[in-house]
Amino acid sequence: MGKHNIKAEIVSQKKLSTDIFDMTLNVGDMAKEALPGQFVSVYVNDGSKLLPRPISICGIDAKHKTVRIVYRIAGKGTELLSTYEAGTRLNVLGPLGNGFNMKNEKAILIGGGIGIPPMLELAKQLKCEKTIVLGYRNQDTFLKEEFEAYGEVLVSTEDGSVGTKGNVIDAVREQAREGSVIYACGPTPMLKGVKAYAEEMGLEAQISLEERMACGIGACLACVCKSKEVDGHTHVRNKRVCKDGPVFDAKEVEF
Amino acid sequence: MGKHNIKAEIVSQKKLSTDIFDMTLNVGDMAKEALPGQFVSVYVNDGSKLLPRPISICGIDAKHKTVRIVYRIAGKGTELLSTYEAGTRLNVLGPLGNGFNMKNEKAILIGGGIGIPPMLELAKQLKCEKTIVLGYRNQDTFLKEEFEAYGEVLVSTEDGSVGTKGNVIDAVREQAREGSVIYACGPTPMLKGVKAYAEEMGLEAQISLEERMACGIGACLACVCKSKEVDGHTHVRNKRVCKDGPVFDAKEVEF
Amino acid sequence: MNLGVEIAGVSLKNPVTTGSGTFGSGEEYSEFVDLSSLGAVTTKGVANVPWEGNPTPRVAETYGGMLNAVGLQNPGVDVMIKRDLPFLKKAGAAVIVNVCGRTVEDYIEVVERLSDQPVDLLEINVSCPNVKEGGIAFGQDPKALYEITKAVKEKADQPIIMKLSPNVTDIKEMAKAAEAAGSDALSLINTLTGMKIDIEKRDFLLANKTGGLSGPAIKPVAVRMVYEVCSTVKIPVIGMGGILNAEDALEFIMAGATAVAVGTANFTDPCAAVKVIDGIKSYMERHNIEDIRELIGCVK
Amino acid sequence: MNLGVEIAGVSLKNPVTTGSGTFGSGEEYSEFVDLSSLGAVTTKGVANVPWEGNPTPRVAETYGGMLNAVGLQNPGVDVMIKRDLPFLKKAGAAVIVNVCGRTVEDYIEVVERLSDQPVDLLEINVSCPNVKEGGIAFGQDPKALYEITKAVKEKADQPIIMKLSPNVTDIKEMAKAAEAAGSDALSLINTLTGMKIDIEKRDFLLANKTGGLSGPAIKPVAVRMVYEVCSTVKIPVIGMGGILNAEDALEFIMAGATAVAVGTANFTDPCAAVKVIDGIKSYMERHNIEDIRELIGCVK
Ligand SMILES: Cc1cc2nc3c(=O)[nH]c(=O)nc-3n(C[C@H](O)[C@H](O)[C@H](O)COP(=O)(O)OP(=O)(O)OC[C@H]3O[C@@H](n4cnc5c(N)ncnc54)[C@H](O)[C@@H]3O)c2cc1C
Ligand SMILES: Cc1cc2nc3c(=O)[nH]c(=O)nc-3n(C[C@H](O)[C@H](O)[C@H](O)COP(=O)(O)OP(=O)(O)OC[C@H]3O[C@@H](n4cnc5c(N)ncnc54)[C@H](O)[C@@H]3O)c2cc1C
Ligand SMILES: Cc1cc2nc3c(=O)[nH]c(=O)nc-3n(C[C@H](O)[C@H](O)[C@H](O)COP(=O)(O)O)c2cc1C
Ligand SMILES: Cc1cc2nc3c(=O)[nH]c(=O)nc-3n(C[C@H](O)[C@H](O)[C@H](O)COP(=O)(O)O)c2cc1C
Ligand code: FES
Ligand code: FES
């Protein structure tokens, strides 16, 4: 097991929804080592852009040596990425980060916005009973149908156009689904809500954080989050999102 | 008539010889205004490279709205250019420069190395009697057959593998062909030889110079060559290769 | 929607001008750009007499930027008065003339010759790294900068804009010196001194050995310096250094620049300056901003 | 073919090390790079006690470069001694430890703690633009630089390399001050201070407002400074700033650098440093160069 620094070929790319793209990459042996919740560093083919784009792994197909990523156009790099056709080759580094700690306990999976994709492979691999809660802005949903194959899916939308009007926590409360572990990825306010909810209910919560990165492998200390205790590696109250995370026990981190 | 700042589509690209590529670009109305000896500024699609690559026009097809360029891989930009396939779009500025002053007098056309391509469209458009002299390094010749359609072709090679062993002036002397105007493009030492030969024989010589460029349109003063007299535009003894040239009367310039 | 800004009492219809030396006299670019649509045209540095400039090669491409060592070749102020200024006037452009010299007297001669000319603002280049005398020597020492600013200001009829060099330890000191000496505005940054070596020829790529680095590569340094200067002095600042598009220009404006100049980008796209203006307009529309002045210095 | 060079009496098997702070302690990159194949590993800046560094975001991408304001987060010299140095020793790497501090005493404490450790060279970082105290303050004034160099040199057991800041008017003055105070070698450049503004959020992109600009964007400035310094002082120079590949590294070597460091490039390709070494070998083969030392400073 280890990280791979490869030239990956795009196997397919399609548009899923407004500004949301779905890309499958042939990553060779990286595929069989990837875990749900891990991410890859994708380098776009333009010399003016030196840093990687960290993108979560949304699907793993070890047999076909591919991983799937689903991403939103957020800036110039992802915009460029969205223009590539099958056959284009990209530098990819991965799999990176720790991934979710999959437990065999009744689970609540929560994904918000572009935090939804990493929950898909998790939903697939988690063999226990689970409720899946997906938060979107509006009726422009994506991946929803695919999640339905793996468990009951609750939806919240900001504008109330689909499912519960409000956020994912509103949906969880409204539908009163139970579980003993929460797995979550999404924007910071959502993760704060998840952390608070888990504390309130006395549940374990594994949350996947986002931070600006440079190396992606724990060396540069760009991507830290505040930890509750002094961290064993950094010896200060900082943990590296790219290496110690992106998934953390909500109790360990402050944000 | 004017310069065009366009997105041009590559119609075809093929390899002609070691490191020499032949590209046809759809340039719209630029084609019908282009003249032999003019050049285009080609921008390569990589953000790390901001400046244009000046490339001479090797062929003009006004009907199909295309120009043809033949270029050698000389660095990173031309290397990238050589990887593009038909359909790729490039920013192109042109036609630039003055072009040859075509006379209806017995002509000697001299091209050396990557200075050969611009002589092809000139050979085609010059309706007078002409001798064409092409200088190559070795038997890796290119475009030679195409020139044969327009006049008698003499060849020199540095290693003597084809034609006269030596340079283009050696070939001209050896074959003692006559003419009253020389049109030439090639490396500086060759152009120096052409200038000296023309002086010796009392001939007019139009030579196409090369210099590093930034704007390509006469504004930045990057690309000057030394002129014999104070130049009417710059008011110093400098002429702009991109605008006042690239073709100069050999008598006007010092290099 | 108001895009107009004011520099030292001179109204510009929008905050976008051109980087001196990257836009010729304006004439060469008039085929691509309606000069009257620009906030102003800033012309290539002009001296009292014609200058030959440096030997070639004068430019080299670098990663995300370029080096130039043109060495201020120019036809002299007389030619500018006879040929370029009438052209610009006819084209309806507001005009900023960039002035260079070897000695203080040279600068003064130029500004005096321009006093009765259709010139809106004078940009005083004391920051060119590519000439042996004058140029940057005035721009790297606050005292020298103070002296030349004072001397030029005394003789100039139009408002003066001292153009600062980024090749200094503390840009704030330089800005303060120019302000104290009476400069009406500042422009920054000029180029960073750089070098490129041709490893195949084992020689310098530029005949002058060193050259001035410009282009998007230097933008973060330029934005930082503009921010520092705008937090330090009260006179308006024209920001420049690596502006390729409206987003880049807006960074400078938000950092405090009243206007911006598009330089090296003209070489990448001769229509760059116009696209910057259009892009600023779209940004303002998208964000419901009525007046560009709301954005000036809005990031603190 | 000889790739070996010597810095202050220490032999390096080749002239390529890593830029401090871009290669962690070496451990993180050991999955991609055989550390013993490098000329040396230069570690992240270490202080006498652990430092928390700055708030996030700490990095921002810029055109052909990046800004960082990590703020010298480090676990302190004790952890380095217990954990990192034994690892590096076992990996067979030559080691350059980069040292930071808030006060002269801090620096001295670190170099004293390292005196009996498997450390080949000490690189003294007086040029970090991202911390309030110490750091760059020592690196922008020749007198302060002289003083700290002298103080550190007195206590250091290993040879010291003062690391210079490019944010100065005259890098030669700084180099001379460090040499006069007894520095055994110099390394340059550290990052140029820069800023990026997020125009959508209308806020600074970095929590620290400013950060250090690195990457190929700054290479021309770095090569120029290395050339200037090598033409001025006699002590060896480690050149860095934007090296992505062997061609870039050779520019520095030809400008006079005895060794080079690969920094930001590690983020673009974790194998970058090794590729630089391989590329230098190919260049030497292609040009029939027996000894890398023939190339050092060959462009004058
Ligand atoms: C662990 C992790 C997993 C992620 N997974 C996904 C995913 O599955 N799908 C998805 O759409 N997005 C994901 N993101 C966010 C994604 O990395 C950014 O949207 C993307 O980098 C933006 O790049 P850009 O070039 O379009 O934007 P630009 O703003 O042009 O990027 C400039 C620089 O900033 C960095 N950057 C910008 N936004 C972010 C951000 N939000 N987080 C981290 N770096 C950023 C870029 O990587 C680049 O280095 C993830 C981020 C992290 C940290
Ligand atoms: C008027 C003119 C006509 C030309 N016509 C042709 C042609 O028909 N076919 C052809 O193969 N080449 C031609 N050249 C040369 C061609 O421009 C260069 O080979 C090319 O720019 C190299 O680019 P690069 O990115 O591969 O090299 P790099 O060295 O990576 O380029 C870096 C920069 O230097 C410039 N540059 C490098 N070499 C030259 C050069 N010899 N002349 C001018 N600029 C240079 C590039 O344009 C670029 O801005 C012509 C040059 C001029 C001035
Ligand atoms: C080719 C060239 C010539 C220049 N000539 C001048 C000049 O004559 N006077 C001057 O003040 N600045 C001159 N500059 C500096 C620019 O006006 C500008 O300050 C600098 O290039 C930074 O902006 P940019 O990155 O947008 O080009 C020149 C720059 C370039 C690239
Ligand atoms: C993320 C990051 C962290 C850095 N940390 C340090 C440091 O701790 N000490 C130091 O002396 N330089 C530090 N630097 C500067 C680099 O060592 C190097 O001098 C600079 O980045 C220029 O080289 P480059 O362009 O190859 O990166 C750091 C640079 C970066 C990008
Ligand atoms: S990105 Fe470098 S430590 Fe996380
Ligand atoms: S390239 Fe600008 S004047 Fe010729």
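Within every chain, numbering begins at 1; the chains are lettered A, B, ... in the order of the sequence lines, protein sequences first and strands thereafter.
Considering all non-hydrogen atoms of both residues, V236(B) and N74(C) come closest at CG1-O, 4.3 Å. Pairing each heavy atom of A219(B) with each of F23(C), the nearest pair is CB-C, 4.1 Å. Minimum interatomic distance between T56(C) and A222(B) (heavy atoms only, all atoms of both residues): CG2-O, 3.8 Å. Minimum heavy-atom separation, R83(C) to G232(B): NH1-O, 4.1 Å.
Only the side chain of L205(C) has a heavy atom closer than 4.5 Å to any heavy atom of chain B. When heavy atoms are compared at a cutoff of 4.5 Å, V59(C) approaches chain B by way of both its backbone and its side chain. When heavy atoms are compared at a cutoff of 4.5 Å, S25(C) does not approach chain B at all.
Summarising the geometry, atom NE2 belonging to H4(B) is positioned 8.5 Å from atom CD belonging to E31(C); distances are rounded to the nearest 0.5 Å. Atom-to-atom distance recorded for Q73(C):CD and N238(B):CG is 4.0 Å, nearest 0.5 angstrom. We find the OG1-CG distance between T268(C) and L93(B) to be 11.0 Å, quoted to the nearest 0.5 Å. Atom CD1 in I217(B) sits 9.0 Å away from atom CD in E27(C) (nearest 0.5 Å). Distance check: D46(B) CG to Y63(C) OH gives 6.5 Å after rounding to the nearest 0.5 Å.
Of the possible donor and acceptor atoms, one in the side chain of E61(C) sits under 3.5 Å from a partner among the backbone N and O of L50(B).
Between K3(B) and E28(C) no salt bridge is recorded (no basic side-chain N to carboxylate O distance below 4.0 Å).
For K7(B), the NZ atom sits in a packed shell: over 12 heavy atoms of surrounding residues, nucleotides or ligands are nearer than 6.0 Å. For R137(B), the CZ atom is loosely surrounded, since the number of other residues' heavy atoms within 6.0 Å does not exceed 12.
Options K76(B), K243(B), H233(B), R237(B) differ in how many heavy-atom pairs under 4.5 Å they form with chain C, and the most are formed by H233(B). Contacts with chain C were tallied for C223(B), C220(B), G218(B), A214(B); A214(B) has the most, counting heavy-atom pairs under 4.5 Å.
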